[in-house]
Number of protein chains: 2
Amino acid sequence: MASTLHDVARLAGVSIKTVSNVINDYPHIRPATKARVEQAIADLGYTPNLTARSLRSGRTGAIALAVPELALSYFAELAAAVIEAADEAGVVVLVEQTGGDRDRELELLRSPRLQMTDGLIFSALGMGQDDAEHLERPYPLVLLGERIFDAPVDHVTMRNVEAARAATEYLLASGRRRIAVVGAHPGEVIGSAGLRLRGYREALEAAGVPYDDSIISETTTWHRSNGARGMRDLLDRGVTFDAVFGLNDTLALGAMRVLQEAGIRVPEDVAVMGFDGLDEAQYSIPSLTTVDPGQRWIARTAVATLLERIRRTDAAGEPRLLLADFHIAERESAPSEAMIGA
Amino acid sequence: MASTLHDVARLAGVSIKTVSNVINDYPHIRPATKARVEQAIADLGYTPNLTARSLRSGRTGAIALAVPELALSYFAELAAAVIEAADEAGVVVLVEQTGGDRDRELELLRSPRLQMTDGLIFSALGMGQDDAEHLERPYPLVLLGERIFDAPVDHVTMRNVEAARAATEYLLASGRRRIAVVGAHPGEVIGSAGLRLRGYREALEAAGVPYDDSIISETTTWHRSNGARGMRDLLDRGVTFDAVFGLNDTLALGAMRVLQEAGIRVPEDVAVMGFDGLDEAQYSIPSLTTVDPGQRWIARTAVATLLERIRRTDAAGEPRLLLADFHIAERESAPSEAMIGA
DNA sequence: CTGAAAGCGCTAACAG
DNA sequence: CTGTTAGCGCTTTCAG
């Protein structure tokens, strides 16, 4: 079926090595020979067999990306950015879904399937700090997410605490004092929820505003329905608040919907702030003010770091922690002080 | 580094063939031998080298999925479903993004990278009917989408015309007569926009409602902002309508936002209908009535069909056209007749 | 039931 | 500048 180096060599009347040289454009080849070989390649429609090349070189030209769930916008956007960055580097991406399940994550880390790739970008969600050791494998790995820190691997992530603190400060600066939270994880310290809640508390404390857990709503997963449910809980409790901080955009959008159903005006009665900087946050009604934690930078940096590790596997160097810059995307659901003044 | 069959064979004191037999659980092995080999495998932490296996067998255990853009919810959900189905079959998925660009789609079809996979699920968007011939390749391929029909490949897709017709009939049945459309593609006959518009026209005609192109808004791409812009156009034209059919959910959501900004009540003044059955359509305010064209079925069927082709590449059989069932997901933005009566 | 050996298509020493 | 050759690690006849 497909032609091989031998076929090309035979047709061009040269040896297999010469053909190989042409393909990998080895510098010293007589132009005439080169032309003859190229002609033969064209005639046969020859393409090198990548599997054979992989076996020989130990490189596949593919990387793996593991995320909890592609259908979650955050991970879809992450995957899109990773694939784009990889494509620019001439590398393809194999995408795995773990469902955010610890066992499946651990299983993936030991999976022989990973041999089909040169390295892994791993967005952990189910695993916790105690599982850090499982990340130590003789295989290029870049960790994303905020479930595990100080593991012996490169880690690209966002400034959760600082970004959540900035978001809360923004709400405080706009005059809000009773800021409810949707999406807290019971007792969590590390992890997106725990860290963001910490940033929230730090901002309150710095401003001298008391922390009140009656306006903190907890949920396990971060789908839109959870944001809606969380807000319903808050309303049912009969507590008062003048702002809501959704620990991610999806939650904030769900919460905003319930607010509006209840006849509460956004932002006049209650301001809403999200976290993630999703595309769709621009198109809700009202559009969602959110903190963009630098996801595209994270994707690009993860790919660059992984490829770097793959290239120089020998001179490993210390594992690095790389943190993205964040910024607040001010929109309608939570205008800044200035806008209110206007 | 990694141990090989030879290492295992040496440790177990058997030949390499015996080890291979154990791994591929060949039936007739003496239990004692088998146990000894398994012990050696465990001791060495041996895992078979998949690249070598691929070279030998000609199979990679991976398939490719090409979509325009993962950040579009529709394709993210499609990819999630494809990966899940593939995973159940023990196959991994390499995801490529084409940007919906014809040249990149054609390039992908000839890409040597595809050798790293056993087959391709190809969601074409930029290519048109005239490019059908390019799909005829000596490589298992399943086509998705509605840009190309009657190509010599398996094609899994939705009933665009019928589903759009049903959506329109639903609006007509609920008493709407002036149904605007957002997202039409100028002059398109085949393709999602063209086919869905045809279904729309068929329904109007059957009901004796005149088609009026002053309430048809055109757009090239199908992002949320296009839906918003389309609706603004309609409002600027000063035309009247009592319903909007967004040719996909994203457009419908964008359009709905603009309606509400303009103080037009949904569904009281204008009903809104989408197309795609996206998860997020459940969480908008109001929730979006939409037609679910059977995307999950499409994903599962595409994977099953592709694996089937890969398995029996010899007895090819005729290319098949597989069409998903659709249904209308009735929600708040467009209540049915019955609901209005209630 | 198990061993020996060929070869998938390619790259890279090593010769010439 | 180009040819020969030895594997990468595995599967698979073909013998025993």
Side-chain angles (χ1 to χ4, degrees), chain A residues 1-41 44-62 112-118 138-139 313, chain B residues 1-41 44-62 112-118 138-139 313:
Chain A
M1 248 286 329
S3 47
T4 76
L5 272 189
H6 286 96
D7 301 328
V8 177
R10 199 176 320 120
L11 184 59
V14 296
S15 96
I16 170 181
K17 163 67 173 159
T18 304
V19 180
S20 176
N21 281 343
V22 171
I23 289 166
N24 304 300
D25 40 42
Y26 178 76
H28 311 295
I29 314 170
R30 209 183 321 150
T33 318
K34 181 167 178 179
R36 206 140 37 88
V37 171
E38 282 170 342
Q39 184 58 49
I41 289 174
L44 291 169
Y46 167 80
T47 39
N49 178 317
L50 297 184
T51 307
R53 192 176 271 181
S54 291
L55 177 58
R56 191 56 239 240
S57 67
R59 292 279 168 76
T60 64
R113 285 173 167 188
L114 288 183
Q115 291 184 358
M116 295 171 61
T117 56
D118 298 329
Y139 175 76
T313 177
Chain B
M1 247 291 327
S3 47
T4 76
L5 272 188
H6 286 96
D7 301 328
V8 177
R10 201 178 315 120
L11 183 60
V14 297
S15 97
I16 171 181
K17 163 67 173 156
T18 304
V19 180
S20 177
N21 280 343
V22 171
I23 290 167
N24 303 300
D25 40 41
Y26 178 76
H28 310 295
I29 314 171
R30 213 185 318 155
T33 318
K34 182 168 178 176
R36 204 143 35 88
V37 171
E38 282 170 343
Q39 184 58 50
I41 288 175
L44 291 169
Y46 168 79
T47 39
N49 178 315
L50 297 185
T51 306
R53 193 176 269 182
S54 291
L55 177 58
R56 189 57 237 235
S57 68
R59 292 280 168 75
T60 63
R113 285 172 168 188
L114 288 182
Q115 291 185 356
M116 295 171 61
T117 56
D118 298 329
Y139 175 77
T313 178

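Each chain gets a letter, A, B and so on, in the order the sequences are listed, and its residues count up from 1.
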Smallest heavy-atom separation, B/Tyr46 atom then B/Thr4 atom, equals CE1-C, 3.6 Å
With a 3.5 Å cut-off and no angle check, do the side chains of B/Gln115 and A/Thr51 form a donor-acceptor pair?
no
Base-contact (B) and sugar-phosphate-only (S) positions in nucleotides 6-16 of chain C, heavy-atom cut-off under 4.0 Å, - elsewhere:
BBBBBBBB---
CG of B/Asn49 to CG of A/Leu55: how many Å apart, nearest 0.5 Å?
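One finds 6.0 Å between CG of B/Asn49 and CG of A/Leu55.
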B/Met116 CE to A/Ser54 OG distance, which is reported to the nearest 0.5 Å:
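Interatomic distance, B/Met116 CE to A/Ser54 OG, rounded to 0.5 Å: 6.0 Å.
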Using only side-chain N and O atoms of A/Ser15, determine if any of them is under 4.0 Å from OP1 or OP2 of D/dG3.
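Yes, such a contact exists.
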All side chain to side chain donor-acceptor pair (under 3.5 Å) counterparts of A/Thr60, not counting sequence neighbours
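With sequence neighbours excluded, A/Thr60 shows a side chain to side chain donor-acceptor pair (under 3.5 Å) to A/Asp118, given in chain and number order.
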